[in-house]
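Here is the structure we will look at.
Because only heavy atoms are used, hydrogens play no part in the values below, and waters and symmetry mates are left out as well, while side chains stay in. All values derive from a computational prediction rather than experimental measurement. Labels below follow one simple rule: chain letters A, B, ... track the order of the sequence lines, proteins then strands, and each chain is numbered from 1.
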Amino acid sequence: MKSSVKRFEIVRMFFAIVIALLVSFGIIFLVSDQPLTAIYTLITGPFKSKRNFANVIEAMIPLMFTGTGVCIMFSANQINLAGEGAFHLGGLVAAVVALKFGLPAGVSPVVAILLSGLAGAVFTAIPAILKIKTNSSVLVSSLMLNYIALWFAMFILMHYICDPSIGSASYVIPEESTLPTLVERTRIHPGLFIALAAALLGSVFLYKTKTGYELRLTGQNERFARYSGINIVKVICVSQLLGGFIAGIGGGVELLSPIYTRFSWTSLLGYGWDAIIICTLAKNNPLYTPLAALFLAYLRTGASIMARYTDVTLEIVQITQGIIILLVVAEQFLSGYKHKMIAKEAMESLKEKGV
Amino acid sequence: MELAKETVLEMQHIMKIYSNGVVANKDVSLELKKGEIHALLGENGAGKSTLMKVLFGIEPPDQGKIILNGSETAIRSPQDAISKGIGMVHQHFMLLPSLTVAENIILGVEPRKKKFFIDMKQAVKAASEIAEKYNFDIDVTAKVEEIPVGIKQKVEILKALYRGADILILDEPTAVLTPQETEELFVQLEKLRDDGRTVIFISHKLDEIKRICDRATIMRSGKSMGTYNVDEISTNDMSKLMVGREVVLEFDKEPAKPREVLLEVRNLSAYNTQGVQKVNGLSFEVRGGEILGIAGVEGNGQSELIDAITGLSRKYTGEILLKGEDIRKESIKGIREKKLAHIPEDRMASGCASHLNIQENLFSNQYTDDAYSGKLLLRTKTIQKRSDELIKEYLVKCKSQKQEVGMLSGGNIQKVIVAREFSTGPDVIIANQPTRGIDVGATEFIRRKLLEFRDAGCAVILVSADLNEIFSLSDRLAVMYKGNFSGVFTDVAHVTEEELGQYMLGIKNDHRKAGAAK
């Protein structure tokens, strides 16, 4: 039975992606004068040059961080969307540490990244604490808190680290604090390995440790967890702190990477929202976030190349993403097929028994 | 009874497989005649309820056909079933407690005035008319939350009749009733039969079927074993067909050897989540090596009593002493560490995480044990090995320990829960409805386990609506009524069901007498 259910999940994911792509292609055919070229560029673009492929890898890194963070928060069944704000604050804190602390090379990025993680953790814990103390909806409070994070960062940027010659960006991040480039003529940076480690450790945490087990039990059935003697308040706090910590690190790493030279985030970057897509595709297991992030980064890089060379705009990918999510989360999608599969198996096993 | 009554409904070779792979009906056929009370007899888990869900349009069948009044038909939804003249009274009532009886009866088919407004006068009139027609003595203006269970059931029946039901399905209607209320129900059902309606009476109580039904279709593990005229088949033969072997009702148990007091409840008053007092100054004790059975109509404080003892609720006054220590300040975990095991009433809601696998469900109460985890990591290999042992010892039927618990049958899920709770080597066991709704094999297994633990010196509290279970396992028997014990019996063998019913209804109440004497 287990095998058939797993097989079904894979089939379902595959169909969701195929249908989403087909719909997107259909839209391209409707709006474009050169649809075949556009689709061709979308699919093959990322492989056309070393730089293009490097773009995919670069785009993967923040997605893995927030994806892993959100997987941990969602595993405890807390729909905490503060990952977005945690990532943003992580970037801010890293910039402040880099600009104001004046730490030596080697030490500075480590301190900056750890502190950005801490900022993220504190931030995502707020909705959890509100939930425990006042029973307010985590979904609503976390969603709103993201704007507090955005404008708080804006305030700090404008009043403390702003480069007057630019206006809406900080001073250049000093070299002692930046992360180096790993591959020549790309912007691939060591954050890749930190992100992969976070995904791996996140998975080990959820599936091999005591706390991870408590967290999943609580997420699956809170009443059962309580009845079993698990401290639910502790579990919710730990999961949200840890998820925010990883998202915050993601923000810090991203800002110190070669992709940015200054803190110039005057709007939310959306990696926290994207994390929900990653998390859905990875079925809440951080181990699969690199794969999901690779897929999304590939699609986006392809789309931006397509937008550069053809008349189709970038937004088409948002539609693809939306449809995939819709189909993956729709419990009833292909449920008729699932029922037939299960019914067939059950009938066969009946025959085997000779009943 | 005339011989040639016309057939109103036929279900032929019905097969139903649930989406979790459970084959609830393998091949079931049922034929109903006009003006009969037809018993659907089978153990818990035999597929009776599933068959009725198919008939009432709640579940579509995977194979088979339904023939209504001579023509083949498909019943797509409960609304569809109602329009075809099929009504159903569920085991758990589907009534809105804050509305009146009349409002409940007309709900969904309200008489209107000026199109948009409910004609309440007409509604009350219609409701009392139909109640009168079938001699149901009910005040239709009373609120449902204020009327007793027996009346609620009558309201459910009236609801179905008001919608024009010719075929009325009653799913274990007597499960929540006292013997006296049951008798009253039977008189009413006979009236319906004489009126030319067909009643499907689902039950696993043979004496009730003998008492009231004309014919019986017997089901066993998803198949129909045939239809019989009730006066031509003995209860013994019925039970053989139903169970497939002679029923073991009596356990050859050793007399209890009570030891020291393990659990003591002193002057306990407990409140439910709404703050309503449900347990009322209750005191008792349970010793190691004995089973205290608690009978009673649901909702008389049993749940609140258990929640207090297991630490799930602290909304109580009085004292609960576990091995001599007050547990008021203890966490649930702390109470469990004092070797208390708890089989919860609702196994899906709080007894397991249905999307996690068997292994993950077996250790929720003991994963912090040094045997199963180090400082940080779980000892996966030990856990796997122990899971296999437990699955074997508790006869859990599954493909592997990695199978999702929700995919198992009710009986096997219950065995997983019991395995988890008993594997910690408990000293006190709180078993709340431990065998409700599960198959005979699992039931017998769990009952034997309870006796095993009793013999090993465990103190057991057994709360059960199954009087059979209470009678065959208890060493002492208490009846709970309105938050206290209306009666406590030490000589369980000499208590009759009728007597028990009177205590359950509060007609007899030793506690009140004792209180008055003070």
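- The environment of Phe15(A) atom CZ is sparse: at most 12 non-hydrogen atoms of other residues, nucleotides or ligands sit within 6.0 angstrom.
- More than 12 heavy atoms of other residues, nucleotides or ligands lie within 6.0 Å of NZ in Lys323(B), so this atom counts as buried by the packing criterion.
- Looking at Arg379(B), there are no atoms closer than 4.5 Å to chain A (heavy atoms on both sides), in backbone or side chain.
- Residue Glu360(B) touches chain A through both its backbone and its side chain, counting heavy-atom pairs closer than 4.5 Å.
- Heavy-atom distances place no part of Ser331(B) under 4.5 Å from chain A, backbone and side chain included.
- Contacts of Ser400(B) with chain A are absent, with no heavy-atom separation under 4.5 Å from either backbone or side chain.
- Contact count against chain A (heavy-atom pairs under 4.5 Å) is highest for Leu377(B) among Leu377(B), Thr310(B), Asn365(B).
- Without hydrogens or angle criteria, Lys210(A) side chain to Gly374(B) main chain gives a donor-acceptor distance under 3.5 Å.
- Chosen from Leu312(B), Ile335(B), Ile383(B), the residue pairing most often with chain A at heavy-atom distances under 4.5 Å is Leu312(B).
- The most heavy-atom pairs under 4.5 Å with chain A, out of Ser373(B), Ser364(B), Ala349(B), come from Ser364(B).
- In this structure, the side chains of Asn231(A) and Lys333(B) stay at 4.5 Å or more apart for every pair of heavy atoms.
- If you take SG on Cys352(B) and CD on Gln220(A), they are separated by 10.5 Å, rounding to the nearest 0.5 Å.
- Formation of a donor-acceptor pair under 3.5 Å by the Asn221(A) side chain with backbone atoms of Ser354(B) is not found in this model.
- With values rounded to the nearest 0.5 angstrom, Ile332(B) atom CD1 is found 10.0 Å from Ile230(A) atom CD1.
- Of the two parts of Phe363(B), the backbone and the side chain both hold a non-hydrogen atom closer than 4.5 Å to a non-hydrogen atom of chain A.
- Under the 3.5 Å distance criterion, the side-chain polar atoms of Tyr213(A) are left unmatched by any main-chain donor or acceptor of Leu378(B).
- In this structure, chain A has a heavy atom under 4.5 Å from the side chain of Lys16(B), while its backbone stays farther away.
- With hydrogens and angles disregarded, a donor-acceptor distance shorter than 3.5 Å links the side chain of Tyr227(A) to the backbone of His342(B).
- Within a 6.0 Å radius of OH in Tyr288(A), no more than 12 heavy atoms belonging to other residues, nucleotides or ligands are found.
- With a threshold of 4.5 angstrom between heavy atoms, Glu330(B) does not approach chain A through any atom at all.
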